[in-house]
Number of protein chains: 2
Amino acid sequence: MSANLPNLKHLQYLLALYQYQNFNRAADASFVSQSTLSSAILKLEEQLRCQLIERDHKSFVFTPHGEEVVKKARQIIVATTELSDYCRHYGTPFGGNLRLGSIPTIAPYLLTDLAEICQQQLPDVSLYLREDTTENLMRMLADGEIDVAILALPVPQHSFQQKVVGRDAFYITGNSALINKVKQDPDYHQLPQHSIFLLSQEHCLSEHAVSACNVEDQGLIHPFYASSLTTLIQMAHYHKGVTFLPQMAVDKGVVSQKDMALEKMPDDMYREIGLLWRTTSMRQRLFLKVSQLVTDLLDIEKIHKS
Amino acid sequence: MSANLPNLKHLQYLLALYQYQNFNRAADASFVSQSTLSSAILKLEEQLRCQLIERDHKSFVFTPHGEEVVKKARQIIVATTELSDYCRHYGTPFGGNLRLGSIPTIAPYLLTDLAEICQQQLPDVSLYLREDTTENLMRMLADGEIDVAILALPVPQHSFQQKVVGRDAFYITGNSALINKVKQDPDYHQLPQHSIFLLSQEHCLSEHAVSACNVEDQGLIHPFYASSLTTLIQMAHYHKGVTFLPQMAVDKGVVSQKDMALEKMPDDMYREIGLLWRTTSMRQRLFLKVSQLVTDLLDIEKIHKS
DNA sequence: ATGTCTTAATCACTATTTTTAATCAAAGAA
DNA sequence: TTCTTTGATTAAAAATAGTGATTAAGACAT
């Protein structure tokens with residue numbers, strides 16, 4: 001019935017070749033000789049009965065078909081690695097490496113606390129942290145480069161397991177006069193031109209803030225976009241404008257300038273925080289535990305606040 | 001970085017062993033000797049560093065952990081088989097074997113037409129049909145035993161790709177006097193005790209019909225449940241009761257008794273028909289084509305009807 | 001008790017596959 | 001030119017998979 005399936009090692013070599021686009025470097029990275037890698041690819045092509053790369057005497061390119069095969073091969077290797085890891089840590093489900101990714105508007109304010117709590121509650125887990133954009137983290141999650149992502153929801157269509165771990169309220173900060181104005185009448189359109197400062201496009205926080213406050217009007221928003229929360233605050237401060245901050249950043253005291261006002265926004269303005277992992281992962285128990293820890297963390301901050 | 005992954009062949013042997021629960025039979029089914037299979041399992045256990053089966057001198061049982069490994073191994077083998085199939089039929093995306101499953105209240109009325117249209121529109125596809133319950137078909141889909149399922153929606157939580165292909169109206173048929181009564185006043189509670197006949201539990205049609213008509217009242221429903229639509233009709237006929245039929249069955253003339261009335265139910269009483277396939281499949285183009293064919297089929301019947 | 005089955009594990013051996021080191025030919029670069 | 005870098009090729013070595021025969025241990029009938 002089922003046919004002659006390719007060798008997993010060969011699929012790994014294929015992935016390395018795709019990554020390095022060079023036989024020698026791919027071979028080095030795989031700790032095998034160049035000829036091993038070369039013949040593995042030939043063997044794969046023979047076995048699958050289709051051309052994966054187009055050879056051009058000196059160099060090569062992947063065929064469109066070859067790229068599809070790479071994608072699928074990656075899925076297979078990820079799944080098998082999951083199996084292997086699962087077995088290696090059987091008996092200690094709350095152990096092993098945990099590669100966790102988060103976005104720049106969460107990571108600095110949540111992960112230090114999380115790391116500390118993990119060390120207490122999950123002493124056998126080795127935590128590896130990674131900070132990147134939502135988009136990149138999703139790719140890394142799919143490719144098995146990280147195990148869990150902590151993101152601001154909602155996240156574009158995906159097929160991961162998702163667990164909501166809490167809400168993170170929005171705050172408005174900046175020039176006291178402007179803040180007071182808005183505090184009395186929460187209509188942002190009364191603000192001066194270019195007085196709202198935002199993070200650059202790739203940060204989902206801007207999106208959330210804009211949609212939460214109905215300030216799509218480009219005139220209000222300053223055309224220069226900051227690349228981190230700290231520069232964002234400094235910009236708003238320097239130019240006497242306002243900006244939006246998530247509660248977890250506020251709690252960590254990112255607003256230290258004395259002449260800056262800070263107001264919590266209405267209760268319905270918040271972002272949801274969620275944990276994501278591969279549906280196929282075999283470590284759901286650990287991830288659920290971690291999501292509980294994060295939930296507790298967010299709750300504690302909230303209680304502490306009130 | 002990534003470890004020493006198990007051999008796919010070994011995983012296949014493990015699946016065979018799980019299926020047959022016997023080394024000799026599993027070895028035969030895998031076309032290898034018993035010693036090969038035995039050492040493959042040992043090798044796997046050594047490589048994964050965990051016990052998969054508990055040996056009891058003469059026989060064995062899978063450990064709970066071993067069963068988890070089997071599940072994951074099945075995923076891996078399915079994915080790799082998809083890869084292999086995809087390559088084998090590269091260039092002819094509308095070719096190859098198509099193993100399609102459907103439920104007993106759809107299959108007999110839809111699949112003959114579908115088979116005919118497939119032969120015309122997809123001459124290079126070899127269609128294999130399979131009839132079973134929703135639950136079993138979902139398992140078979142997950143395990144790669146079939147490629148697509150045509151089911152009545154909604155289907156319990158799942159992680160398959162789903163495409164709605166049409167609506168199938170409900171009809172009521174049976175004793176003319178009862179049907180007339182209901183026709184004038186669509187309250188089913190006026191019907192005599194035990195006058196509503198249904199299919200047995202495992203057919204989702206009953207569920208849909210019951211929830212569509214609000215006849216949860218057990219008194220109305222006859223305690224004997226039919227196991228197919230034709231026996232269902234005969235039961236309703238013989239006992240002068242009524243029953244519900246899907247339009248596709250009606251269109252195929254399942255109600256031939258002269259003294260049986262047949263009425264279409266209100267427009268909002270229908271079941272949705274959907275195609276499901278593995279999200280991981282590499283043949284989405286084919287499946288979308290097939291779902292289009294089914295959509296057309298259901299539409300044509302509808303037009304033909306009106 | 002005794003012999004016969006059936007079970008999975010083990011052993012010595014062979015066949016196959018994978019990997020290697022060394023070499024080759026082609027294309028650029030210095 | 002000469003040197004380097006590219007991937008392919010070769011033959012030999014190493015690793016792995018597979019085989020048949022054998023073993024040990026329980027099940028079961030006589």
Side-chain angles (χ1 to χ4, degrees), chain A residues 2-63 66 70 73 76-77 80 84, chain B residues 2-63 66-67 69-70 73 76-77 80 84:
Chain A
S2 74
N4 184 19
L5 299 182
N7 187 323
L8 281 188
K9 269 193 188 172
H10 292 178
L11 291 184
Q12 287 183 295
Y13 298 156
L14 183 73
L15 293 187
L17 182 62
Y18 186 76
Q19 187 181 344
Y20 293 98
Q21 294 287 327
N22 174 303
F23 276 76
N24 284 290
R25 279 193 284 281
D28 284 352
S30 310
F31 305 106
V32 293
S33 69
Q34 172 263 316
S35 72
T36 297
L37 203 132
S38 180
S39 52
I41 303 299
L42 286 170
K43 173 101 197 187
L44 263 183
E45 289 187 308
E46 183 195 335
Q47 215 164 17
L48 297 173
R49 297 222 201 88
C50 60
Q51 203 180 355
L52 301 176
I53 58 180
E54 245 167 52
R55 286 132 174 116
D56 155 284
H57 271 142
K58 177 152 171 62
S59 190
F60 67 91
V61 279
F62 273 78
T63 62
V70 165
I76 294 167
I77 296 298
T80 316
S84 176
Chain B
S2 75
N4 183 20
L5 299 182
N7 187 322
L8 282 188
K9 271 193 184 172
H10 292 346
L11 291 183
Q12 287 183 297
Y13 298 156
L14 183 74
L15 293 187
L17 182 62
Y18 185 75
Q19 187 181 344
Y20 292 98
Q21 294 287 327
N22 174 303
F23 276 76
N24 284 290
R25 279 193 285 281
D28 285 351
S30 309
F31 306 106
V32 293
S33 70
Q34 172 262 317
S35 70
T36 298
L37 203 131
S38 179
S39 51
I41 303 298
L42 287 169
K43 173 105 196 186
L44 263 183
E45 290 187 308
E46 183 195 338
Q47 215 164 17
L48 297 173
R49 296 221 203 88
C50 61
Q51 203 179 355
L52 301 176
I53 58 181
E54 244 167 53
R55 285 128 174 118
D56 155 282
H57 274 141
K58 171 150 173 65
S59 189
F60 67 91
V61 280
F62 274 76
T63 62
E67 306 216 354
V69 172
V70 164
I76 294 166
I77 297 297
T80 317
S84 176

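Everything numeric here is computed off the predicted structure, so don't read it as measured data. Each chain gets a letter, A, B and so on, in the order the sequences are listed, and its residues count up from 1.
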From CG of A/Asn24 across to C1' of D/dT6 the rounded distance in Å is 7 Å
Without swapping roles, check the side chain of A/Thr63 against the backbone of A/Leu52 for a donor-acceptor pair under 3.5 Å. yes
Base of C/dA21 paired with side chain of A/Ser35 (donor-acceptor, under 3.5 Å): yes
Rounding to an integer number of Å, can you tell me how far A/Ile41 CD1 sits from C/dT18 P? 13 Å
Tell me: CD of B/Gln34 to C1' of C/dT10, nearest whole Å? 10 Å
Is B/His10 close enough to D/dA17 that one of its side-chain N or O atoms is under 4.0 Å from OP1 or OP2 there? yes
Can you tell which of C/dT18, C/dT19, D/dA17 lies closest to the side chain of B/Lys43? D/dA17
Is any side-chain N or O of A/Tyr13 closer than 4.0 Å to OP1 or OP2 of C/dT18? no
In terms of the nearest nucleotide of DNA chain D, which residue is placed more toward the 5' end: A/Lys9 or A/Ser59? A/Ser59
Looking at every strand, decide which applies to B/Leu37 at a 4.0 Å heavy-atom threshold: base, sugar-phosphate, or nothing. nothing
Send over the distance from A/Arg25 CZ to D/dT5 C1', rounded to a whole Å. 10 Å
Could you tell me if the side chain of A/Leu8 sits less than 4.5 Å from the side chain of B/Asn7, heavy atoms only? no
Does D/dG18 have OP1 or OP2 sitting under 4.0 Å from an N or O in the side chain of B/Thr36? no
Ignoring hydrogens, what is the shortest heavy-atom contact between A/Ile53 and A/Glu45? Give both atom names and the distance. N-OE2, 3.2 Å
Select one nucleotide: of D/dG7, D/dT19, C/dT18, the one nearest the side-chain heavy atoms of B/Val32. D/dT19
If I take atom CG in residue A/Leu8 and atom C1' in nucleotide C/dT17, what distance separates them, rounded to the nearest angstrom? 15 Å
Taking A/Arg25 for its side chain and A/Phe23 for its backbone only, find out whether a donor-acceptor pair lies under 3.5 Å. no
Can you check the A/Asp28 CG to D/dT5 P distance for me, whole Å? 12 Å
Closest listed nucleotide, where the reference is the side chain of A/Ser38 and the choices are C/dA9, D/dT9, C/dA8: D/dT9
In whole Å, what is the span from the CZ atom of A/Arg55 to the C1' atom of D/dT5? 18 Å
Shortest non-hydrogen contact from B/Ser30 toward B/Ala16: OG-CB, 3.4 Å
Which of these nucleotides, C/dA9, D/dG18, C/dT19, is closest to any side-chain atom of B/Phe23? C/dA9
Can you tell me the distance, in whole Å, between the CG atom of B/Asn7 and the P atom of D/dA15? 17 Å
